[in-house]
Number of protein chains: 2
Amino acid sequence: MADIKRIAREQLAVQGGAALSLRAIARELGIVSSAMYRYVPSRDELLTMLIEDAYNAVGDVAEAADAACERADVVGRWKAIGTAVRAWAVAVPSEYALIYGSPVPGYAAPPDRTITPGTRVTRLLIGVISEADSAYAGPNPVMAPPVREDVRGIRESLGVRGDDDLVARAVLAWTAVFGLISFELFGQFAGGVHDPAAHFDHQLDRLALLVGLA
Amino acid sequence: MADIKRIAREQLAVQGGAALSLRAIARELGIVSSAMYRYVPSRDELLTMLIEDAYNAVGDVAEAADAACERADVVGRWKAIGTAVRAWAVAVPSEYALIYGSPVPGYAAPPDRTITPGTRVTRLLIGVISEADSAYAGPNPVMAPPVREDVRGIRESLGVRGDDDLVARAVLAWTAVFGLISFELFGQFAGGVHDPAAHFDHQLDRLALLVGLA
DNA sequence: TCACTTTAGTGAGCGGTGCTCTCTCAGTGT
DNA sequence: ACACTGAGAGAGCACCGCTCACTAAAGTGA
């Protein structure tokens with residue numbers, strides 16, 4: 001099973017998610033293709049496992065980065081988490097694409113197995129923001145009732161504190177972090193941003209200001 | 001050719017990008033699979049055409065939305081463009097995924113045919129921001145030399161005005177817009193945001209503030 | 001020791017895929 | 001009448017996920 005996953009990840013790295021082939025894995029393993037089904041119920045199930053693993057991998061590095069920081073240093077924690085997530089994504093772009101890219105066609109990941117591990121980074125990023133005493137002094141737009149409701153739901157399901165505006169800003173910042181990484185990895189920055197690491201770091205600073213961390 | 005593209009888009013809508021099948025298109029067309037190659041050099045080439053079309057489609061709706069606004073109403077233009085892009089994405093999520101999602105594996109879109117049409121929305125969004133007299137009064141983080149260089153390159157290649165900080169904020173806002181759309185379409189908001197349209201609209205307001213439009 | 005069960009793997013086969021090749025055949029311009 | 005062209009047919013290659021019946025070895029309890 002470990003071998004299968006290892007080879008699957010290798011194949012993922014060079015070919016991408018949708019091209020994941022049980023036959024190719026079997027070939028590499030010196031095994032006939034049908035024997036794969038002793039270990040893996042189906043290709044989709046293997047994909048789901050890899051997605052789960054990827055969520056947990058990025059969750060691990062994010063939590064480790066956060067844990068290495070002084071608790072009170074919220075800016076440092078924010079930047080450490082963001083930097084760690086980007087570093088992970090750059091190191092294994094295919095696994096990042098698996099979970100944050102377009103869904104693999106003809107296959108929908110079962111929510112009950114991907115939502116929970118997928119929330120770890122979200123909880124971390126939004127949690128750091130909500131733990132800080134926000135220094136944001138700028139204006140806030142009016143919030144329509146349905147938005148307010150969603151924001152309150154997010155605050156409760158993530159178990160964080162902070163007023164509605166802060167949580168809304170945190171959601172925006174969280175989204176922007178992954179927007180930056182996706183744009184970098186999926187080629188939207190091609191030709192424009194030549195030093196994506198430095199650019200990401202800079203925008204992390206801007207987002208920290210946006211959410212009132214600094 | 002028009003029929004092929006039409007059916008391809010239909011197939012795209014129900015199955016997703018990587019599952020695009022020339023044989024299925026041929027079947028639908030009442031034609032044998034090999035006859036497809038009279039019209040389409042390869043599956044990848046068809047994919048590239050669809051990507052080109054998608055970029056131009058979203059570029060069209062964005063430019064139309066912008067053109068319908070009073071020139072001086074920069075906030076209105078910003079929101080109109082963002083809303084139009086999201087509406088297009090929600091209407092044809094598979095085409096959105098094709099261009100803003102993870103690249104289809106084993107296939108890299110030729111940059112010379114995708115970069116240019118892909119820049120239209122970018123130019124529009126960042127252009128609107130740069131045309132306004134920024135009302136942003138908040139702080140700006142220090143900008144490392146490589147970031148400054150990239151920002152200047154972007155300003156020049158897009159032909160916009162505004163100081164380095166404004167352009168950097170514009171890039172962040174542009175990225176966040178697509179981050180929001182991607183999170184919605186790719187399921188990252190699942191369970192958290194129940195009214196994505198209202199949420200998107202709200203965050204568009206926040207981004208307008210961030211870049212000093214309001 | 002012997003029968004039984006579990007485990008791991010084989011190999012054939014089904015229907016699907018992209019793509020290439022050679023072939024046919026109806027039009028068309030001269 | 002004749003050569004040429006466009007559009008399609010059909011066979012075939014190598015690949016894919018997946019199923020099924022089968023086998024051989026390894027462990028296990030009486």
Side-chain angles (χ1 to χ4, degrees), chain A residues 1-54 94-95 97-98 101-110 113-114, chain B residues 1-54 94-95 97-98 101-110 113-114:
Chain A
M1 197 59 235
D3 281 344
I4 290 178
K5 282 207 206 170
R6 182 179 45 77
I7 297 179
R9 263 188 284 268
E10 286 173 18
Q11 201 178 109
L12 215 67
V14 301
Q15 293 173 314
L20 185 70
S21 154
L22 291 188
R23 285 184 120 108
I25 297 173
R27 216 164 18 235
E28 193 116 350
L29 234 56
I31 261 174
V32 91
S33 75
S34 55
M36 289 292 297
Y37 292 84
R38 296 278 168 205
Y39 306 94
V40 170
S42 74
R43 196 199 88 121
D44 282 2
E45 186 59 28
L46 175 59
L47 217 44
T48 303
M49 293 178 196
L50 293 174
I51 289 175
E52 242 178 321
D53 287 356
S94 46
E95 293 188 46
L98 207 56
S102 28
V104 176
Y107 156 80
R113 289 175 54 191
T114 56
Chain B
M1 198 59 235
D3 282 344
I4 291 178
K5 282 206 204 170
R6 181 178 46 78
I7 297 179
R9 263 187 286 266
E10 286 172 20
Q11 200 179 109
L12 215 67
V14 300
Q15 294 173 312
L20 184 72
S21 154
L22 290 188
R23 282 184 122 108
I25 297 173
R27 218 166 15 237
E28 192 117 350
L29 233 57
I31 262 174
V32 90
S33 76
S34 55
M36 289 291 297
Y37 292 85
R38 298 275 169 204
Y39 306 95
V40 170
S42 75
R43 195 198 89 119
D44 282 3
E45 186 59 29
L46 175 58
L47 218 45
T48 302
M49 293 178 197
L50 293 174
I51 289 175
E52 241 177 321
D53 288 357
S94 46
E95 293 188 45
L98 209 55
S102 28
V104 176
Y107 155 78
R113 288 175 55 191
T114 56

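Chain letters run A, B, ... following the sequence lines, proteins first and then strands; every chain starts at 1. What you see is a predicted model; the values in this text were computed from it and never measured.
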message: Could you report the tightest heavy-atom contact between B:V40 and B:S42, atom names first, then the distance?
response: CG1-O, 2.9 Å

statement: The nucleotide from D:dC16, C:dA8, D:dA9 with an atom nearest the side chain of B:S34 is D:dA9

- request: Spell out yes or no: do the side chain of A:R23 and the base of D:dG17 have one donor N/O and one acceptor N/O closer than 3.5 Å?
  value: yes

task: Indicate, with a heavy-atom threshold strictly under 4.0 Å, whether B:L29 touches base, sugar-phosphate, or nothing.
output: nothing

query: Rounded to whole angstroms, how far apart are CE on A:M36 and C1' on C:dT7?
result: 16 Å

query: Can any side-chain N or O of A:R113 pair as donor or acceptor with the backbone N or O of A:T48 at less than 3.5 Å?
result: no

query: To the side chain of B:V32, which of D:dA9, D:dC16, D:dC18 is closest?
result: D:dA9

- line: Taken to the nearest whole Å, CD/A:Q11 to C1'/D:dC16 is 11 Å

task: Heavy atoms only: give me the nearest A:A13-A:S94 pair and the separation to one decimal.
output: CA-OG, 3.2 Å

- prompt: Can you find a heavy atom in the side chain of B:R6 that is under 4.5 Å from one in the side chain of B:E28?
  reply: no

query: Rounded to the Å, how far apart are A:M1 CE and C:dA8 C1'?
result: 15 Å

- request: Return the value, rounded to whole Å, for the distance between atom CG of B:L22 and atom P of C:dG16.
  value: 16 Å

field: N-O pairing of B:K5 and B:E10 below 4.0 Å
entry: no

message: Tell me the interatomic distance from B:L46, atom CG, to C:dT17, atom P, rounded to whole angstroms.
response: 14 Å

field: Nearest-angstrom distance from the residue atom OH of B:Y37 to P of C:dT17
entry: 11 Å

statement: Between B:I31 and A:S33, the residue closer to the 5' end of DNA chain D by nearest nucleotide is B:I31

message: Expressed as a whole number of angstroms, how long is the span from A:L47:CG to D:dC18:P?
response: 11 Å

- prompt: With a 4.0 Å cut-off on heavy atoms, is A:I25 in touch with a base, just the backbone sugar-phosphate, or nothing at all?
  reply: nothing

message: From OH of B:Y39 over to P of C:dC19, roughly how many Å is that when rounded to an integer?
response: 17 Å

- prompt: What's the closest nucleotide to the A:R27 side chain, out of C:dC19, C:dT17, D:dC16?
  reply: D:dC16

